[in-house]
Amino acid sequence: MRTQVAIIGAGPSGLLLGQLLQKNGIDNVILEQRSGEYVLSRVRAGLIEEGTVGLLERAGVRARLHREGLVHEGIEISFGGRRQRIDFRRLTGKAVTVYGQTEITRDLMEARSTTGAPTLYEAAAVSLHDITSERPRVRYRKDGVEAEIQCDFIAGCDGFHGISRQIIPEAAIRTYERVYPFGWLGVLSDTPPVSQELIYVNHERGFALCSMRSQTRSRLYIQCGLDDNIEDWPDERFWEELKLRLDSVAAAAIVTGPSMEKSIAPLRSFVADPMRFGRLFLAGDAAHIVPPTGAKGLNLAASDVYYLSQALAEFYETKSTRSLDTYSARALARVWQAERFSWWMTRLLHCFPQDTGFDRKVQRAELEYLARSVPAQTALAENYVGLPY
Ligand code: FAS
Ligand code: PHB
């Protein structure tokens with residue numbers, strides 16, 4: 001098989017890139033190691049920036065997003081039994097949209113199926129070849145049959161544990177990493193959200209986040225130990241711990257119910273530089289990871305895909321490699337802004353085991369400053385709603 005761009009991975013990065021390339025008349029094939037059902041079963045991000053909404057509209061997935069997405073004009077930061085609202089609309093003129101990654105993936109899958117562009121699910125043993133030549137190749141096994149795709153470019157959209165970043169020689173790539181000494185226990189439940197907007201909680205027992213997927217479905221998180229297992233957290237214990245971390249009004253408003261999904265995610269900050277090697281271009285989690293505190297992971301994947309799709313369109317229209325040659329630097333400039341913000345939000349809101357009494361006092365002082373300073377709230381708001389592309 002021959003195509004112009006081979007995309008590795010059918011998560012949000014790969015699917016969104018595939019759609020934007022289709023819209024630019026650029027042939028592409030997506031290879032995904034898992035089944036479509038498995039990809040849809042993963043519960044991940046829940047909140048998207050206006051820039052991501054615009055890209056999804058351009059990708060042809062607007063109807064359900066605008067019908068079911070919840071526009072949020074602020075969030076609340078809870079500490080010391082009180083809540084401080086951060087008013088995005090007043091401070092930045094912008095808002096964010098609550099619309100789960102699962103729904104985004106479903107919409108992109110459906111949109112792609114109408115284009116006839118191939119997505120090879122359950123593609124095993126994917127390997128990349130000749131990535132520094134002008135004729136890179138992808139080999140894979142499907143239904144027990146070995147096959148090969150010749151292409152012009154490969155987009156590594158295969159996530160943090162994918163093969164794309166791994167194939168880049170160590171001498172050609174530099175990585176930066178910070179692993180956090182705790183995880184997030186996430187629960188999805190068909191119970192009404194605690195509040196109309198997200199509540200981020202700093203509490204001496206640990207961080208908590210009350211989010212949602214709709215007016216009837218909650219997405220809730222609490223900071224947990226790195227060694228915790230799902231078995232340590234039966235539903236009853238989860239709900240009790242969440243109530244202990246919330247202010248009294250929110251704790252009283254909670255409606256408990258059975259968890260539909262429960263998972264523990266480790267938190268890490270990670271960046272690979274450059275995001276390109278020869279004709280291989282990395283996008284999304286394949287190149288960078290942020291702690292989910294700032295709701296940036298999926299949104300960074302979107303801005304990477306915006307830059308890469310533009311650069312590929314320029315190449316096929318003009319044969320110029322100017323934007324391809326600046327892709328990595330351009331994407332990383334925005335990545336590092338989100339890395340800093342996600343690290344800052346994580347540092348502000350979590351209990352760090354190694355923290356001293358001084359550290360906790362400084363953390364509280366920063367929260368109290370945030371509560372009274374409009375410039376401080378504006379700085380948080382403009383990063384949260386998303387910095388310009
Ligand atoms: P993904 O990891 O989503 O997709 C990569 C795809 O490549 C997968 O389908 C994988 O099966 C496939 N793949 C891997 N190796 C392959 C191979 N060798 N061959 C073929 N295919 C291969 N972000 C937020 O903004 N908010 C959140 O709350 C949030 N929560 C998260 C919770 C968890 C547990 C995780 C892991 C991430 C979370 N994220 C969150 C970040 C997440 O949403 C990512 O940013 C987003 O999935 C990035 O999308 P992709 O880059 O497409 O990577
Ligand atoms: C979510 O709804 O899953 C969510 C929202 C905001 C975050 C993290 C996760 O910062």
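Below, all heavy atoms of this structure are taken into account, side chains as well, without hydrogens, waters or symmetry copies. As the structure lists them, so they are numbered: ligands from 1, and atoms in each ligand from 1.
The contact set between ligand 1 and Gly162, taken as ligand atoms under 4.0 Å from a residue heavy atom, comprises 15 (N). Using a 4.0 Å cut-off to heavy atoms of Pro292, the atoms of ligand 1 that qualify are 27 (C), 28 (O), 29 (C). Using a 4.0 Å cut-off to heavy atoms of Ile163, the atoms of ligand 1 that qualify are 18 (N). Proximity to Arg34 (heavy-atom distance under 4.0 Å) selects the following atoms of ligand 1: 11 (O). Listed by atom number, the atoms of ligand 1 under 4.0 Å from Gly284 heavy atoms are 51 (O). Ligand 1 places these atoms under 4.0 Å from at least one heavy atom of Leu298: 23 (N), 25 (O), 45 (O). In summary, the atoms of ligand 1 found under 4.0 Å from a heavy atom of Leu31, numbered by their order in the structure, are 20 (C), 21 (N).
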Report all N/O contacts between ligand 2 and the protein shorter than 3.5 Å as a table of atom names and distances to 0.1 Å; if there are none, say 'none'.
unit_1, atom_1, unit_2, atom_2, d
ligand 2, 2 (O), Ser211, OG, 2.6
ligand 2, 2 (O), Arg213, NH1, 2.8
ligand 2, 3 (O), Arg213, NH2, 2.8
ligand 2, 3 (O), Tyr221, OH, 2.6
ligand 2, 10 (O), Tyr200, OH, 2.7
ligand 2, 10 (O), Pro292, O, 2.7
ligand 2, 10 (O), Thr293, O, 3.2
ligand 2, 10 (O), Ala295, N, 3.4

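Protein heavy atom at the shortest distance from atom 14 (C) of ligand 1 is Asp158 O, 3.1 Å. Nearest to atom 12 (C) of ligand 1 among the protein's heavy atoms is Glu32 OE1, 3.3 Å. Here the protein heavy atom with the shortest distance to atom 51 (O) of ligand 1 is Ser13 OG, 2.7 Å. For atom 47 (O) of ligand 1, the closest heavy atom belonging to the protein is Gln101 NE2, 2.9 Å. Looking at atom 4 (O) of ligand 1, its nearest protein heavy atom turns out to be Gly11 CA, 3.7 Å. For atom 25 (O) of ligand 1, the nearest non-hydrogen atom of the protein is Gly297 N, 3.3 Å.
The heavy atom nearest to atom 49 (O) of ligand 1, out of those in Gly159, Pro12, Ala10, is found in Pro12. For atom 2 (O) of ligand 1, the choice among Arg42, Glu122, Arg44 with the nearest heavy atom turns out to be Arg44. When Asp285, Ile30, Leu16 are checked for heavy-atom proximity to atom 48 (C) of ligand 1, Asp285 turns out nearest. Distances from atom 27 (C) of ligand 1 to the heavy atoms of Ala45, Gly14, Gly100 show the closest one on Ala45.
Residue contact annotation: Tyr221 has a non-hydrogen atom under 4.0 Å from ligand 1.
With a 6.0 Å radius and a threshold of 12 heavy atoms from other residues, nucleotides or ligands, Asp227 has its CG atom at or below the threshold. The environment of Gln166 atom CD is dense: over 12 non-hydrogen atoms of other residues, nucleotides or ligands sit within 6.0 angstrom. The number of heavy-atom neighbours closer than 6.0 Å to CZ of Arg2, taken from other residues, nucleotides and ligands shown, is above 12.
With a heavy-atom cut-off of 4.0 Å, Cys157 touches ligand 1 through its backbone alone. Contact annotation: for Ala295 versus ligand 1, heavy atoms closer than 4.0 Å belong to the backbone alone. Under 4.0 angstrom from ligand 1, the non-hydrogen atoms of Val126 all belong to its side chain. When heavy-atom distances to ligand 1 are checked against a 4.0 Å cut-off, Gln33 comes that close through both its backbone and its side chain. By the criterion of a heavy-atom distance under 4.0 Å, the backbone of Lys296, and not its side chain, is placed next to ligand 1. If you look at Leu300 next to ligand 1, there are no close heavy atoms at all, none under 4.0 Å.
Side chains of Tyr221 and Tyr200: no donor on one and acceptor on the other come within 3.5 Å. A side-chain donor-acceptor contact under 3.5 Å links Ser263 and Glu261. A side-chain donor from one of Asn28 and Gln22 sits under 3.5 Å from a side-chain acceptor of the other. For the residue pair Arg334 / Ser303, a side-chain donor-acceptor distance below 3.5 Å is found, with atom types taken as modelled. Under 3.5 Å, the side chains of Asp107 and Tyr99 contain a donor-acceptor pair of N or O atoms. A donor and an acceptor atom, one from each side chain of Tyr180 and Ser269, are located under 3.5 Å apart.
Considering backbone and side-chain N/O of His161, none are found under 3.5 Å from N/O of ligand 1. The N/O atoms of Ala265, backbone and side chain alike, include none that comes under 3.5 Å of an N/O atom in ligand 1. Looking at ligand 1, you won't find any N or O of Leu47 less than 3.5 Å from one of its N or O atoms.
The residues Arg174 and Asp273 are annotated as not salt-bridged, no charged nitrogen and carboxylate oxygen being separated by less than 4.0 angstrom. Ion pair Asp247/Arg83 flagged as a salt bridge, since at least one NZ, NE, NH1 or NH2 atom sits closer than 4.0 Å to an Asp/Glu carboxylate oxygen. Salt-bridge formation is not detected for the pair Arg85/Glu76: no Lys NZ or Arg NE/NH1/NH2 atom is positioned less than 4.0 Å from an Asp or Glu carboxylate oxygen. Of the charged side-chain nitrogens involved, at least one lies within less than 4.0 Å of a carboxylate oxygen, so that Glu241 and Arg245 count as a salt-bridged pair.
Using the six-membered ring where Trp is involved, Phe182 and Phe352 have ring planes that are perpendicular, over 60° apart on the 30 and 60° scheme. Relative orientation of the His350 and Trp184 rings is parallel, given thresholds of 30° and 60° on the angle between their planes.
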Give the C-alpha distance, both sets of side-chain angles, the deciding distance and a yes or no for ring-ring contact (aromatic ring centres under 6.0 Å, His included) between Phe153 and Phe315.
CA-CA 11 Å; Phe153 299 99; Phe315 173 79; 5.1 Å; yes
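The aromatic ring centroids of Phe88 and Tyr384 lie less than 6.0 Å from each other.
Each of Arg360, Gln223, Glu366 was evaluated against Asn202; a single residue qualifies, Arg360, per the side chain to side chain contact (heavy atoms under 4.5 Å, CB included) test.
With rounding to the nearest 0.5 angstrom, the CD1 atom of Ile168 is 10.0 Å from the CE atom of Met275.
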